[in-house]
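Numbering of ligands and ligand atoms starts at 1, following listing order. Note that these values count all heavy atoms, side chains included, but never hydrogens, waters or copies made by symmetry.
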Amino acid sequence: MKTVGVLGTGTMGAGIIQVLAQSGYNVVLRARRQTSVDRGIATVEKNLDKLIKKEKITEADKADIMARVHGSTDITIIKDADLVIEAATENMEAKKALFQELDELCKPEAIIATNTSALSITEIAAATNRPDKIIGMHFFNPVPAMKLVEIVKGLTTSDETRETILALTEKLGKTPVDVAEAPGFVVNRILIPMINEGIGILADGVADAKGIDTAMQLGANHPMGPLALGDLVGLDVCLAIMETLYNEFGDTKYRPHPLLRKMVRANKLGRKTGEGFYDYSK
Ligand code: 3HC
């Protein structure tokens, strides 16, 4: 496997591009708008600059890494990729349409993975003519720092596809964990309801945001508290995952808190919009 296509240059897409290019893969990335292509490449460059400052890589390493990254708004840029990782949209209908397009464009032997955080791999696979080569590769934010990748086998994913992706994940310096297809897989089924609960505690006035986060950092040894983590993940993403858990299980324990809905309606999505439970505008 030499060339990997990445669709999407948001928080996750840019992290995935960086990790692949740093591990020696050629990366062809595609976003719908040129500004998104430029933003994705700029994010990778900014992160590499931080590594230069920390003396973990040199300017020459950065030049080598960036020479392996090519971006376009034209989806045909991915047509020769051995693997495509989709990190573009969390909407099932949009994903199915995109996977149909990828299926037509990609080499027959290419594997197409999705970074979906909660949607059904089996349903996405069924929209293509290569259901054995569709798999979930669920990375965590911030991608360069987080060691885990959940490897999600749909009902039709072949063992060969799974083994290829497990080996690739290890080459990226990550630890793969096999998970069966299920809403939220392992991490998000535990983590996102915890964030939702933190929001409920805030709404009840039990403690303020800083107090809740400090309590969980010092009382549970979490690297960051649930509200700061919600801001990092994106409150729109948290809401979408809660909706999936709630709809799929039909259990009220997964009901999104009304304050989470309100935050999303107000476009207070966390770091990416400059404000969530904390202010990031400065
Ligand atoms: N991009 C790249 N690397 C980053 C980074 C970023 N945005 N933020 C931190 N890092 C790296 C640093 O470079 C550093 O690497 P080094 O040890 O090799 O130098 C390392 O992470 C630690 O960073 P810092 O010392 O600056 O900061 P902290 O020690 O405070 O750690 C953190 C920051 C890694 C974000 C830590 O607070 C953490 O682990 N938080 C929890 C994150 C988490 O739970 N993520 C999962 C979210 S759920 C998800 O993503 C699933 C999705 O489907 C919703």
When you pair each N or O of ligand 1 with protein N or O atoms, which pairs come out under 3.5 Å?
residue, atom, partner, partner atom, Å
ligand 1, 13 (O), Lys54, NZ, 2.9
ligand 1, 18 (O), Lys56, NZ, 2.5
ligand 1, 19 (O), Lys54, NZ, 3.0
ligand 1, 19 (O), Lys56, NZ, 2.6
ligand 1, 45 (N), Asn141, O, 2.8
ligand 1, 50 (O), Asn141, N, 2.9
ligand 1, 53 (O), His138, NE2, 2.7
ligand 1, 53 (O), Asn188, ND2, 3.0

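Here ring-ring contact (aromatic ring centres under 6.0 Å, His included) pairs that include residues 36-60, with residues two or more places apart or in two chains, number zero.
Looking only at distances, a side-chain donor or acceptor of Thr122 sits under 3.5 Å from a matching main-chain atom of Leu155. Between the side chain of Asn115 and the backbone N or O of Gly13 there is no donor-acceptor pair closer than 3.5 Å. In this structure, the side chain of Lys174 engages the main chain of Val143 through a donor-acceptor pair within 3.5 Å.
In this model, a donor atom of one side chain and an acceptor atom of the other lie less than 3.5 Å apart for Glu181 and Ser120.
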(message) Could you walk me through whether Phe99 and Thr114 satisfy the side chain to side chain contact (heavy atoms under 4.5 Å, CB included) test, starting with their C-alpha distance in whole Å, then the side-chain angles of each, then the deciding distance to 0.1 Å, before giving a yes or no?
(response) CA-CA 9 Å; Phe99 271 68; Thr114 170; 3.7 Å; yes
